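Here the structure is a predicted model, which is why all the values come from computation and not from measurement.
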Amino acid sequence: MNERILLVEDDATTRRLLVSGLATAGYRVDDAPDGETAVALLAESAFDLVISDIRMRRVDGVQVLQAARERPDAPAVILLTGYSSVESAVAALRLGAYDYLQKPCALAELLSRVSGALQRREEERRLGVLRRLAREIAVVDVPVPPAPHAEDSLLQIGELAIDRPRRQVTFEGRALRLTPIEYALLCCLAEAQGRVVGYEAIVQATHGLTVGDDEAQTLIRSHVHNLRHKLDPAYIVGVRGAGYMLRAPHAPA
């Protein structure tokens with residue numbers, strides 16, 4: 001591990017225990033006894049994760065969160081809270097905190113949340129790089145796809161219907177509101193007629209990017225998740241290590 005964590009806790013005993021547990025787990029840990037010190041450290045150094053008590057004098061955990069979110073490469077933030085400040089912690093989630101834990105918390109639970117926060121931050125960083133790359137790519141000499149034949153204009157898979165000339169999608173008779181990427185993803189899978197479409201091919205169709213499997217999976221994971229909830233989750237089948245397939249749930253495999 002090379003991730004760097006900033007622990008902000010005004011109780012000295014709790015701070016020492018948590019620093020010891022995180023360091024034993026392999027993380028590099030800096031600690032701050034109050035919010036003022038934490039904000040100063042955030043201005044001076046880069047961290048991957050901030051773990052902060054939410055109730056502190058003068059500069060509290062929400063202010064530490066705001067300072068962290070203002071950094072160019074913002075760290076993930078986990079807040080520690082007592083029962084009396086749960087509402088503040090929930091409000092902080094809306095401001096961008098990854099999670100909160102009630103004190104006292106078990107070290108194993110904290111380490112689990114730390115691992116999840118760092119993983120999501122890395123995924124968001126990779127997505128950010130890919131999105132910047134996508135904006136920078138100039139679209140040159142991209143062939144315009146031919147207009148679909150009449151017999152191809154409507155794609156029907158079970159209760160799902162895709163009217164491509166009108167860019168309309170219905171499921172079980174109700175119209176679906178899809179984002180452009182969700183629509184492109186759905187068409188890509190529907191055109192495969194029940195065959196597995198690889199991650200890289202999906203991203204080429206949805207984002208116009210050529211990337212490796214890992215990056216492709218990261219780019220489309222949330223869009224697949226959203227589509228499954230707008231349709232029926234059984235319609236989109238994930239094949240581990242290969243890609244996704246769209247088929248009616250009761251269709252032959």
Sub-4.5 Å side-chain heavy-atom contact between Leu79 and Tyr98
no

Closest approach of Arg15 and Leu7, non-hydrogen atoms and distance?
O-CD2, 3.6 Å

Can you get from Val224 to Val196 by hopping between Ile, Leu, Val, Met, Phe, Trp and Tyr side chains that sit under 4.5 Å apart?
no

Does a sphere of radius 6.0 Å around CZ in Arg174 hold more than 12 heavy atoms from other residues, nucleotides or ligands, not counting ones at 6.0 Å or beyond?
yes

Counting distance only, does the side-chain N/O of Gln63 pair as donor-acceptor with the main-chain N or O of Asp60 below 3.5 Å?
yes

With rounding to the nearest 0.5 Å, note down the distance linking CG in Asp31 to CG in Leu22.
10.5 Å

Atom CG of Leu185 and atom CG of Leu227: how far apart are they, to the nearest 0.5 Å?
5.0 Å

Does the side chain of Val8 come within less than 4.5 Å of Val50's, by heavy atoms?
yes

Do Leu80 and Ser52 have side-chain heavy atoms sitting under 4.5 Å apart?
no

Out of curiosity, does Met245 fall in the hydrophobic cluster containing Val203 (side-chain heavy atoms, cut-off under 4.5 Å, transitive links)?
no

Enter the distance from Asp11:CG to Arg16:CZ here, rounded to the nearest 0.5 Å.
8.5 Å

Checking the side chain of Arg69 only, and the main-chain atoms of Gln66 only, is there a donor and an acceptor separated by less than 3.5 Å?
no

Decide if atom CZ of Arg221 counts as having more than 12 heavy atoms of other residues, nucleotides or ligands within a radius under 6.0 Å.
yes

Donor-acceptor pair, side chain of Lys230 and main chain of Arg177, under 3.5 angstrom
yes

Can you check whether Pro33's main-chain N or O pairs, donor with acceptor, with Thr37's side chain at less than 3.5 Å?
no

In one Ile/Leu/Val/Met/Phe/Trp/Tyr side-chain cluster, 4.5 Å: Leu246, Ile181
no

On a heavy-atom basis, the closest approach of Tyr183 and Arg164 is OH-CA, 3.4 Å

N-O pairing of Asp73 and Arg125 below 4.0 Å
yes

Check the pair Asp34 / Val59 against side chain to side chain contact (heavy atoms under 4.5 Å, CB included), numbers first and verdict last.
CA-CA 7 Å; Asp34 50 53; Val59 177; over 6 Å; no

Does the Thr170 side chain pair with the main chain of Gly173, one donor and one acceptor, at a distance under 3.5 Å?
no

Trace of the side chain to side chain contact (heavy atoms under 4.5 Å, CB included) decision for Leu101 with Leu110
CA-CA 8 Å; Leu101 283 169; Leu110 176 61; 3.7 Å; yes

Looking at Ala68 and Pro75, what are the two nearest heavy atoms and their distance?
O-CD, 3.4 Å

What verdict does the side chain to side chain contact (heavy atoms under 4.5 Å, CB included) test give for Tyr244 and Leu189, after you've listed the backbone C-alpha separation in whole Å, the side-chain angles of each residue and the deciding distance to 0.1 Å?
CA-CA 7 Å; Tyr244 292 97; Leu189 296 180; 4.1 Å; yes

So, the side chain of Asp48 versus the backbone of Arg4: is there a donor-acceptor pair under 3.5 Å, distance only?
yes

Any chance you could measure Leu155, atom CG, to Leu160, atom CG, to the nearest 0.5 Å?
8.5 Å

NZ/NE/NH1/NH2 to OD/OE distance under 4.0 Å, Arg28 and Glu3:
no

Got a second to check how far Arg71's CZ is from Ser45's OG, nearest 0.5 Å?
9.0 Å

Is a side-chain donor or acceptor of Arg113 paired with a backbone partner of Ile78 at a separation under 3.5 angstrom?
no

With the side chain counted from C-beta on, respond yes when Glu9 and Ile51 share a heavy-atom pair under 4.5 Å apart, and no when they do not.
no

Side chain to side chain contact (heavy atoms under 4.5 Å, CB included) for Phe171 and Asp232? Distances and angles first, verdict last.
CA-CA 9 Å; Phe171 181 70; Asp232 176 335; 3.7 Å; yes

Linking I/L/V/M/F/W/Y whenever any side-chain heavy atoms sit under 4.5 Å apart, do Val237 and Leu186 land together?
no

Nearest heavy-atom contact between Tyr235 and Ile157 is CE2-O, 3.3 Å

Thr24 (side chain) donor-acceptor with Ser20 (main chain) under 3.5 angstrom
yes

When you measure from the side chain of Glu182 to the backbone of Thr179, do you find a donor-acceptor pair of N or O atoms at a distance under 3.5 Å?
yes

Could you pull out the closest heavy-atom pair between Thr218 and Glu123, with the gap in Å?
CG2-O, 4.0 Å

Can a donor-acceptor pair be found, under 3.5 Å and without considering hydrogens, that links the side chain of Arg57 to the backbone of Gly35?
no

Between Phe47 and Leu41, what is the shortest heavy-atom contact and its length?
CE1-O, 3.6 Å

Drop me the distance from Leu18's CG to Leu107's CG, to the nearest 0.5 angstrom.
7.5 Å

